[in-house]
J.: 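First the structure, which I've put down as structure tokens, then a few questions once you've had a look.
What you are looking at is a predicted structure, and each value in this text was computed from that prediction instead of being measured.
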Amino acid sequence: MGVTKGPLEELIEKAGGCAVIDGGFATQLEALGADINDPLWSALCLISNPHLIKKVHMQYLEAGADVLITSSYQATIPGFLSKGLSIEEAEKLLQKSVKLAIEARDNFWTHLQKNPKDGYNRALVAASIGSYGAYLADGSEYSGGYGPDIELDKLKDFHRRRLQVLASAEPDLLAFEAIPNKLEAQAIVELLNEEKVNIPSWICFSSVDGKHTPSGHSFKECLEILNCCERVPAIGVNCTSPHFIDKLIHELRKFTKKAIVVYPNSGEIWDGRAKKWMPSECFGDGNFEALALKWRESGANLIGGCCRTTPNTIQAITKALKSKR
């Protein structure tokens with residue numbers, strides 16, 4: 001008997017070897033008028049503007065995304081509690097982030113059945129799980145410097161209940177995003193095994209130099225941990241400058257046979273302490289169209305965008321990957 005393919009492997013195969021992920025979520029919420037200058041960031045809209053979340057999902061589906069990432073990156077139970085919500089209310093909001101994406105996907109797919117278009121796949125919904133540093137909202141997801149008091153068990157305890165709640169909402173995938181250090185990757189892998197999570201996951205790191213995680217660990221070190229976990233069929237990098245992506249794909253490919261996920265930011269630099277984007281070279285949508293082809297040739301299996309990318313960016317990536325297979 002052959003090995004049963006999971007939903008991610010099936011999607012990649014249907015997409016001709018390289019599927020399209022959606023783009024910047026907070027960026028598009030702000031473009032629609034949302035004020036998310038808050039420690040909860042885009043997750044604030046789960047409380048105040050859920051209709052905008054669904055609208056952003058629809059915009060990315062229309063742009064050709066094969067994977068929708070939920071609005072839960074910075075959504076945590078402690079974060080919601082700090083807003084005066086109860087634990088029950090916080091958990092319902094986490095589940096709501098998945099529900100909104102599933103509803104958008106199902107509505108879009110139903111419409112497509114009535115009005116078929118080439119190149120569209122039934123999208124998968126990936127529940128976003130940000131790092132401990134994302135919860136801190138102090139920029140430490142770009143440094144990995146959590147301090148001496150943060151040990152493996154503390155990171156597992158931090159992620160455990162959120163993982164349980166998001167998994168209970170039945171997304172197709174779990175997306176651990178912008179992980180800055182080896183310790184947190186280890187915590188996630190152990191937690192997935194302890195909780196016997198049957199939803200496939202990807203774990204993506206960030207990188208500020210194109211060679212290491214923000215904490216200075218090599219990707220070889222990190223992949224030694226992830227390669228042993230069958231619950232993680234894909235690994236990669238996100239919220240990293242497009243400058244570094246091709247080099248990072250080659251680096252990852254040297255050390256793993258898992259699917260490779262890349263969804264960089266626009267090339268702009270976020271100052272986590274000042275809470276603003278710094279002037280820097282920004283890659284336009286035309287750049288992403290050309291780069292997507294290069295990244296696919298280098299070995300990427302899922303390509304999308306992160307901060308400061310838009311539906312137009314994803315449309316450019318879709319045009320490159322789906323019209324030039």
J.: Surrounding CD of E230 (heavy atoms of other residues, nucleotides or ligands, distance under 6.0 Å), is the total greater than 12?
T.: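 Open.
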J.: Hey, any chance V237 and L8 share a hydrophobic cluster, counting ILVMFWY side chains that come within less than 4.5 Å of each other, even indirectly?
T.: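 V237 does not cluster with L8.
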J.: Over all heavy atoms of both residues, which pair between P311 and Q28 is shortest? Give the atoms and the distance, please.
T.: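 Looks like CD-OE1, 3.2 Å.
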J.: With respect to S72, which candidate in L166, L100, V98 satisfies the side chain to side chain contact (heavy atoms under 4.5 Å, CB included) definition?
T.: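 Checked L166, L100, V98 against S72; only one passes side chain to side chain contact (heavy atoms under 4.5 Å, CB included): L166.
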J.: Under 3.5 Å, side chain of N238 to main-chain N/O of A178, donor-acceptor pair present?
T.: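 Yes: the side chain of N238 pairs with the backbone of A178.
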J.: Check this for me, if you would: do E10 and K14 make a salt bridge, where the nitrogen-to-carboxylate-oxygen distance has to be below 4.0 angstrom?
T.: no
J.: Compute the centroid of each ring, for Y146 and then for Y132, and state whether the two points are separated by less than 6.0 Å.
T.: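 So the answer is yes for these two rings.
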J.: Tell me whether L112 at atom CG has more than 12 heavy atoms from other residues, nucleotides or ligands lying less than 6.0 Å away.
T.: yes
J.: Measure from the side-chain N and O atoms of T76 to the backbone N and O of G79, and report whether any donor-acceptor pair falls under 3.5 Å.
T.: yes
J.: Does C45 offer a backbone N or O that forms a donor-acceptor pair with the side chain of N49 under 3.5 Å?
T.: no
J.: Side chains of E91 and Q95: do they bring a donor and an acceptor to under 3.5 Å?
T.: no
J.: Are more than 12 heavy atoms, taken from residues, nucleotides or ligands other than K99, located less than 6.0 Å from that residue's NZ atom?
T.: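 No, the 6.0 Å shell around NZ holds no more than 12 heavy atoms from other groups.
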J.: Would you say the side-chain atoms of H212 and S218 include a donor-acceptor pair closer than 3.5 Å?
T.: no
J.: How are the rings of W295 and F288 set relative to one another: parallel (under 30°), tilted (30 to 60°) or perpendicular (over 60°)?
T.: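 Perpendicular, since the angle between the ring planes exceeds 60°.
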J.: Tell me if the centroids of the rings in H57 and F25 come within less than 6.0 Å of each other.
T.: yes
J.: Verify the neighbour count for atom CG of D118: are there more than 12 heavy atoms of other residues, nucleotides or ligands below 6.0 Å?
T.: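 For D118, atom CG is not crowded (no more than 12 foreign heavy atoms under 6.0 Å).
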J.: Under 3.5 Å, is there a donor-acceptor pair between the N227 and T256 side chains?
T.: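 On atom types as modelled, these side chains qualify, holding a pair under 3.5 Å.
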J.: If you count the non-hydrogen atoms of other residues, nucleotides and ligands that lie under 6.0 Å from NZ in K220, is the total more than 12?
T.: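 Counting neighbours around NZ of K220, 12 or fewer heavy atoms of other residues, nucleotides or ligands fall under 6.0 Å, so no.
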J.: For a side-chain hydrogen bond (donor to acceptor under 3.5 Å, both in side chains) check, start with the C-alpha distance between D246 and S298, then their side-chain angles and the critical distance, and finish with the verdict.
T.: CA-CA 7 Å; D246 195 57; S298 295; 2.5 Å; yes
J.: Taking the side chain as every heavy atom from C-beta outward, state whether I260 and L302 have any pair of such atoms under 4.5 Å apart.
T.: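 Contact flag for I260/L302 side chains = no.
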J.: Can you list every pair that meets salt bridge (charged side-chain N to carboxylate O under 4.0 Å, His left out) and has a residue in residues 170-182, with sequence neighbours left out?
T.: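 Only R105-D172, K182-E221 qualify under salt bridge (charged side-chain N to carboxylate O under 4.0 Å, His left out).
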J.: For S42 and Q74, test the side chains for any donor-to-acceptor distance below 3.5 angstrom and give the result as yes or no.
T.: no
J.: In the single-linkage hydrophobic clustering (I, L, V, M, F, W, Y; side-chain heavy atoms under 4.5 Å), do I179 and L152 co-cluster?
T.: no
J.: Looking at K54, I want to see if its NZ is surrounded by more than 12 non-hydrogen atoms of other residues, nucleotides or ligands under 6.0 Å.
T.: yes
J.: Ignoring hydrogens and angles, tell me if any N or O in the side chain of D66 forms a donor-acceptor pair with the backbone of V20 under 3.5 Å.
T.: yes
J.: Regarding E251 and K247, does a basic nitrogen lie under 4.0 Å from an acidic carboxylate oxygen?
T.: no
